[in-house]
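Note that the coordinates shown come from a computational prediction; the quantities given were computed from them, not determined experimentally.
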Amino acid sequence: MATPLFSKLMSVVIDASTVSCATDFSLSISKDMIEIACLDSSGAKESVPDLYSWSASGSGMVFRTVGQSGYGLFEMADKLLTTDSSVAVSIVPDVSANKYFSGVGYFTSLSMEGGVGAAVTYSFEITGSGPLSVLTTT
């Protein structure tokens with residue numbers, strides 16, 4: 001019987017640093033479809049695949065910068081606000097011989113939320129630029 005991969009075994013890695021205290025992640029891949037119809041199509045449209053796009057998003061806990069390890073809210077904000085450079089992003093399991101996704105993209109949004117009696121959290125979104133690779137951990 002196959003063993004499921006649990007999210008607690010996953011890490012979001014940006015520019016070779018693990019996102020500090022990530023609480024969730026999402027990866028979305030979509031393919032554009034082109035509708036075609038010919039006079040002899042019997043009244044039915046056909047669709048053919050074209051380019052694909054992808055995005056990655058996640059959330060995490062905000063910590064004071066003292067003692068923080070990994071890639072956090074302030075590093076993301078610095079990248080988004082002061083540079084137009086891309087980031088390398090991977091969603092990797094911490095068990096060997098498992099497949100994972102890796103690509104390059106740009107931060108497109110970053111938000112921070114907090115409420116009375118609750119931890120401050122942040123959310124980010126990265127829009128992919130170029131291919132998304134499926135690799136295998138070693």
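- No donor-acceptor pair under 3.5 Å is formed between the side chain of Asp24 and the backbone N or O of Gly58.
- Open room surrounds CG on Asp84; 12 or fewer heavy atoms of other groups in view lie less than 6.0 Å from it.
- Hydrophobic clustering of Ile, Leu, Val, Met, Phe, Trp and Tyr side chains at less than 4.5 Å, counting indirect connections, keeps Leu81 apart from Met76.
- With a 4.5 Å cut-off on side-chain heavy atoms, Val13 and Tyr71 do not count as touching.
- The cluster map of Ile, Leu, Val, Met, Phe, Trp and Tyr, joined by side-chain heavy atoms under 4.5 Å apart, puts Phe25 and Ile126 in the same cluster.
- For the pair Val62 and Phe74, the tightest heavy-atom approach, listed with the atom from each and the gap, is CG1-CE1, 4.2 Å.
- A pairwise comparison of heavy atoms in Val19 and Tyr122 identifies CG1-OH, 3.1 Å as the closest pair.
- Heavy-atom neighbours of Lys31 NZ from other residues, nucleotides or ligands within 6.0 Å: above the threshold of 12.
- Of all non-hydrogen atoms in Ile91 and Tyr100, the two that sit nearest each other are O-CB, 3.1 Å.
- Clustering ILVMFWY residues whenever any of their side-chain heavy atoms sit less than 4.5 angstrom apart, transitively, puts Val48 in a cluster other than the one holding Tyr52.
- Note that OG of Ser20 is 7.0 Å distant from CZ of Phe63, once rounded to the nearest 0.5 Å.
- Expressed to the nearest 0.5 Å, how far OG of Ser59 lies from CG of Leu73 amounts to 11.5 Å.
- In this structure, the side-chain contact (heavy atoms from CB on, under 4.5 Å) partners of Leu51, at least two apart in sequence or on a different chain, are Asp32.
- Side-chain atoms of Ser90 do not come within 3.5 Å of backbone N or O of Val92 as any donor-acceptor pair.
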Tell me which donor-acceptor pairs under 3.5 Å the side chains of residues 104-120 have, and how far apart each pair is, sequence neighbours excluded?
{"residue": "Thr108", "atom": "OG1", "partner": "Glu125", "partner atom": "O", "Å": "3.4"}
{"residue": "Thr108", "atom": "OG1", "partner": "Thr127", "partner atom": "OG1", "Å": "3.3"}
{"residue": "Ser111", "atom": "OG", "partner": "Glu113", "partner atom": "OE2", "Å": "2.6"}
{"residue": "Glu113", "atom": "OE1", "partner": "Thr121", "partner atom": "OG1", "Å": "3.3"}

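- Smallest separation of non-hydrogen atoms from Phe101 and Ile29: CE2-CD1, 4.1 Å.
- Side chains of Phe124 and Lys79 form no contact here, defined as non-hydrogen atoms less than 4.5 Å apart.
- If you chain together hydrophobic residues whose side chains sit under 4.5 Å apart, Ile14 and Leu135 never meet in one group.
- A pairwise comparison of heavy atoms in Gly130 and Trp54 identifies O-NE1, 3.0 Å as the closest pair.
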